[in-house]
Amino acid sequence: GDQEAGEMGLAAVPGRQAAFRQGLATAVQYAKAVGCPRIHLMAGRVPLGADRAAVAGEMETTFTENLRYAADLLAQEDMIGLVEPINNRITDPRYYLNTPHQAAAILEKVGRPNLKLQLDLFHCQIMDGNLSCNLETYFPLIGHIQIAQVPGRHEPDSPGELNFPYIFKLLESLGYNGYVGCEYAPKGETLEGLGWLRSYWESHGLQHGGTSKATE
């Protein structure tokens, strides 16, 4: 969408369907060029000046129709579409899609197997908490996970509310084998801030870089 005009995605924004389709086509070309099989289909914001409750039905209808269109297009390229709930308490008060419950209901309504949940644990903790249950409940829908400590949105080993060693073990026990995106703002230098990852590798008997010591 038009970021200068305050847009942040278009998939659920009434009247912007043509622009959504044009943007999706461009995104597919970029994704093919870099070999990325997943595209985040951003819902967008409640129109400025509109009451959220008053436009909720129209936005859900728009979102559902656009997601079906996107899923069918992405299926031709063997790609997956992702929807991400973003908290409206701190990060973006006007963002339409806010909780995993809302996202799951929409995904069920759309009914396309190549649409998945992009679960950012930062947003999920702020909106709902209950991360263990939410991860277990929505695990079949999850196509990508993002992490950041709460409330500072820094490295997972920075001070905050979330116990990431526990969360990582839970993801392993659930059998998650996808990517975990580091959707955080480093407090300092990037390499220094990746100390948590080195500690994780060492706790699993791995060398830096994730290779097994046994195979070395």
With a 3.5 Å cut-off and sequence neighbours excluded, list the donor-acceptor pairs that the side chains of residues 173-180 form with protein atoms.
residue, atom, partner, partner atom, Å
S173, OG, L170, O, 2.7
Y176, OH, I145, N, 3.4
Y176, OH, Y179, N, 3.4
Y176, OH, Y179, O, 2.5

Would you give me the side-chain donor-acceptor pairs under 3.5 Å for residues 68-83, sequence neighbours excluded?
residue, atom, partner, partner atom, Å
R68, NE, V110, O, 3.4
R68, NH2, K109, O, 2.8
D72, OD1, R112, NE, 3.0

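Taking the salt bridge (Lys or Arg N to Asp or Glu O under 4.0 Å) definition, one finds that D157 meets it with nothing, sequence neighbours left out. P14 meets the side chain to side chain contact (heavy atoms under 4.5 Å, CB included) test with E58, M59, T62; sequence neighbours excluded. Checked against side chain to side chain donor-acceptor pair (under 3.5 Å), E84 has the following partners two or more places apart in sequence or in another chain: Q118. Listed by chain and number, the residues in a ring pair (Phe, Tyr, Trp, His ring centres under 6.0 Å) with Y95 amount to none (sequence neighbours excluded). Applying the side chain to side chain contact (heavy atoms under 4.5 Å, CB included) rule to A50 yields the partners V46, P47, V55; only residues at least two apart in sequence or on another chain are considered. Here E172 pairs with Y200, H204 under the side chain to side chain donor-acceptor pair (under 3.5 Å) rule; sequence neighbours left out. Partners of H101 under the ring pair (Phe, Tyr, Trp, His ring centres under 6.0 Å) rule, at least two apart in sequence or in another chain, are Y138. Partners of Q149 according to the side chain to side chain contact (heavy atoms under 4.5 Å, CB included) rule, which considers only residues two or more places apart in sequence or in another chain, are S158, L162, F164.
Interatomic distance, CG of N87 versus CG of L97, reported as 11.5 Å (0.5 Å rounding). Taking CZ of R153 as the reference point, atom CD of E183 lies at 5.5 Å (rounded to 0.5 Å).
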Practice task
Walk me through it: do F20 and V13 pass the test side-chain contact (heavy atoms from CB on, under 4.5 Å)?
Solution key: CA-CA 9 Å; F20 169 77; V13 181; over 6 Å; no
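For the pair N98 (side chain) and I86 (backbone), a donor-acceptor distance under 3.5 Å is present. H154 contributes a side-chain N or O that, together with a main-chain N or O of A185, makes up a donor-acceptor pair within less than 3.5 Å. Side-chain atoms of R45 come within 3.5 Å of backbone atoms of G6 as a donor-acceptor pair (strictly under, hydrogens ignored). A donor-acceptor pair under 3.5 Å links the side-chain atoms of T137 to the main chain of C133, judged by distance alone. Using a distance-only test at 3.5 Å, with no hydrogens or angles considered, a donor-acceptor pair links the side chain of N134 to the main chain of G129.
Linking ILVMFWY residues whenever their side-chain heavy atoms come closer than 4.5 Å, directly or via other members, places F63 and L10 in the same cluster. A single hydrophobic cluster is seen to contain both V150 and I167, as judged by linkage of ILVMFWY side chains at heavy-atom distances under 4.5 Å, directly or through other members. Transitive grouping of hydrophobic side chains (ILVMFWY, heavy atoms separated by less than 4.5 Å) brings Y96 and L24 into a common cluster.
Within the structure, side chain to side chain donor-acceptor pair (under 3.5 Å) contacts touching residues 184-194 (residues at least two apart or in different chains) are Y184-W196. The list of side chain to side chain donor-acceptor pair (under 3.5 Å) pairs with a residue in residues 7-20, not counting sequence neighbours, reads E7-R16.
Closest non-hydrogen pair, P140 versus E136, comes out as CD-O, 4.2 Å. Of all non-hydrogen atoms in L67 and I106, the two that sit nearest each other are CD1-CG2, 3.8 Å. Among all heavy-atom pairs drawn from P156 and I147, the shortest one is CG-CD1, 4.1 Å.
Side-chain contact between Y30 and I39 is absent, with no heavy atoms from C-beta onward closer than 4.5 Å. Inter-residue side-chain proximity for M127 and N88 is flagged as met; some heavy-atom pair is nearer than 4.5 Å. The shortest distance between side-chain heavy atoms of T99 and D128 does not fall below 4.5 Å. The side-chain heavy atoms of L135 and I142, taken from C-beta on, include a pair separated by under 4.5 Å.
Surrounding CD of E161 are more than 12 heavy atoms belonging to other residues, nucleotides or ligands, all under 6.0 Å away.
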